[in-house]
Amino acid sequence: YISNNSGASFTKITDPNIGSVGSMSASDDGSVILVVDQNRFNPCNSGVYISQNSGTSFSQINYGLPTQCGSGYWVEAVGVSGDGGTLVATSYGKTMVSRDATASWNQSTIPAGETGGGGRLAISQDGSRIALMRYYNSPLTSDDFGATFKARNTFAVAATSEWAAI
């Protein structure tokens with residue numbers, strides 16, 4: 001369901017390909033919405049969809065994203081920057097960033113020995129800073145639009161005022 005009036009009412013997403021929403025994120029004005037249809041029983045049928053018209057219609061944007069059918073790897077979480085210019089998709093093994101409305105997805109550089117995805121993420125208004133909280137690993141942060149990530153101590157990130165706004 002989607003609300004375009006601050007939650008006063010909701011409209012069901014009627015795209016026939018979107019069934020089980022695993023993750024959803026929107027720009028501040030709600031014009032750009034990313035949705036993960038997460039078919040955990042058949043990851044080959046999972047997909048990432050984007051709406052660039054406040055949820056009126058959605059288009060599948062899987063090209064360039066992790067789609068290892070049958071392996072258990074699929075996009076788990078998505079995020080949209082406040083201005084709608086940066087999109088992030090993360091799976092257990094990869095974190096991908098798009099700065100051109102999904103014409104291309106670029107894999108982020110993750111520190112050696114770290115797995116690059118899963119969990120939840122937060123993105124700053126302009127998309128320049130991204131924080132990724134991952135399952136069973138230290139958090140990752142990026143201050144270069146997701147090009148590279150650094151592993152962080154959980155308490156150090158939480159105590160840093162520059163990350164408090166994300």
Side-chain angles (χ1 to χ4, degrees), residues 1-40 43 45-67 73-92 94-108 116-135 139-149 152 157-158 160-166:
Y1 289 86
I2 290 180
S3 175
N4 290 319
N5 56 14
S6 301
S9 63
F10 289 84
T11 304
K12 186 174 183 171
I13 297 173
T14 57
D15 189 300
N17 296 307
I18 300 174
S20 177
V21 174
S23 177
M24 181 181 221
S25 182
S27 59
D28 285 349
D29 67 0
S31 63
V32 178
I33 302 170
L34 279 183
V35 175
V36 177
D37 175 47
Q38 205 167 52
N39 185 336
R40 291 188 182 273
N45 290 337
S46 296
V48 177
Y49 295 82
I50 188 169
S51 173
Q52 295 177 313
N53 55 16
S54 301
T56 301
S57 62
F58 287 84
S59 301
Q60 191 175 48
I61 55 168
N62 285 342
Y63 44 88
L65 292 175
T67 55
Y73 294 106
W74 58 85
V75 173
E76 293 184 58
V78 291
V80 178
S81 61
D83 64 9
T86 301
L87 311 176
V88 179
T90 182
S91 72
Y92 178 74
K94 295 181 180 180
T95 296
M96 309 291 285
V97 178
S98 175
R99 300 263 310 137
D100 57 7
T102 70
S104 63
W105 289 94
N106 298 301
Q107 185 170 345
S108 299
R120 301 294 176 245
L121 54 96
I123 306 173
S124 64
Q125 168 66 25
D126 66 356
S128 63
R129 295 178 292 162
I130 302 169
L132 176 61
M133 297 300 292
R134 301 166 309 133
Y135 307 118
L140 297 176
T141 60
S142 172
D143 58 8
D144 59 3
F145 294 92
T148 59
F149 280 85
R152 302 288 185 169
V157 171
T160 305
S161 62
E162 68 182 284
W163 289 99
I166 292 184

Apply side chain to side chain contact (heavy atoms under 4.5 Å, CB included) to the pair L132 and T141, showing each step before the final yes or no. CA-CA 6 Å; L132 176 61; T141 60; over 6 Å; no

Non-hydrogen side-chain atoms of I130 and F149 separated by less than 4.5 Å: yes

Criterion side chain to side chain contact (heavy atoms under 4.5 Å, CB included) on V35 and F58, from CA distance to verdict: CA-CA 9 Å; V35 175; F58 287 84; 3.7 Å; yes

Check N53 against S51 and note the closest heavy-atom contact, atom names and distance. OD1-OG, 2.8 Å

Sub-4.5 Å side-chain heavy-atom contact between I2 and M24: yes

Quick check for you: to the nearest 0.5 Å, what is the distance between L121 atom CG and T95 atom OG1? 8.0 Å

Okay, side chain of S108, backbone of A147: is any donor-acceptor separation there less than 3.5 Å? no

Verdict with supporting geometry, V32 and L87, side chain to side chain contact (heavy atoms under 4.5 Å, CB included): CA-CA 10 Å; V32 178; L87 311 176; 4.2 Å; yes

Are any side-chain N or O atoms of S3 and backbone N or O atoms of S9, one a donor and one an acceptor, separated by less than 3.5 Å? yes

Closest non-hydrogen contact found for Q60 with Y49 is NE2-OH, 3.3 Å

Considering residues at least two apart in sequence or located in another chain, which fulfil the side-chain contact (heavy atoms from CB on, under 4.5 Å) criterion with S54? N4, S31

Would you call Y1 and T11 a side-chain contact if the rule is heavy atoms closer than 4.5 Å? no

What one should report as the nearest heavy-atom pair of G82 and S27 is O-CB, 3.5 Å

Check whether S23 reaches the backbone of V78 with its side chain - one donor and one acceptor, N or O, closer than 3.5 Å. yes

If we ignore hydrogens and angles and just use 3.5 Å, is the side chain of S25 paired with the main-chain N or O of V80 as donor and acceptor? yes

Set of residues satisfying side chain to side chain donor-acceptor pair (under 3.5 Å) with respect to S98, sequence neighbours excluded: D100

Measure the OG-CD distance between S59 and Q52 for me, rounded to the nearest 0.5 Å. 7.5 Å

So, S124 side chain and R129 main chain: donor-acceptor pair closer than 3.5 Å or not? yes

Do side-chain atoms of S81 reach the backbone of D126 as a donor and acceptor pair under 3.5 angstrom? no

Working to the nearest 0.5 Å, report the span between CZ of R99 and OG1 of T86. 3.5 Å

If we only count heavy atoms from C-beta on, is the I61 to W105 side-chain gap below 4.5 Å? yes

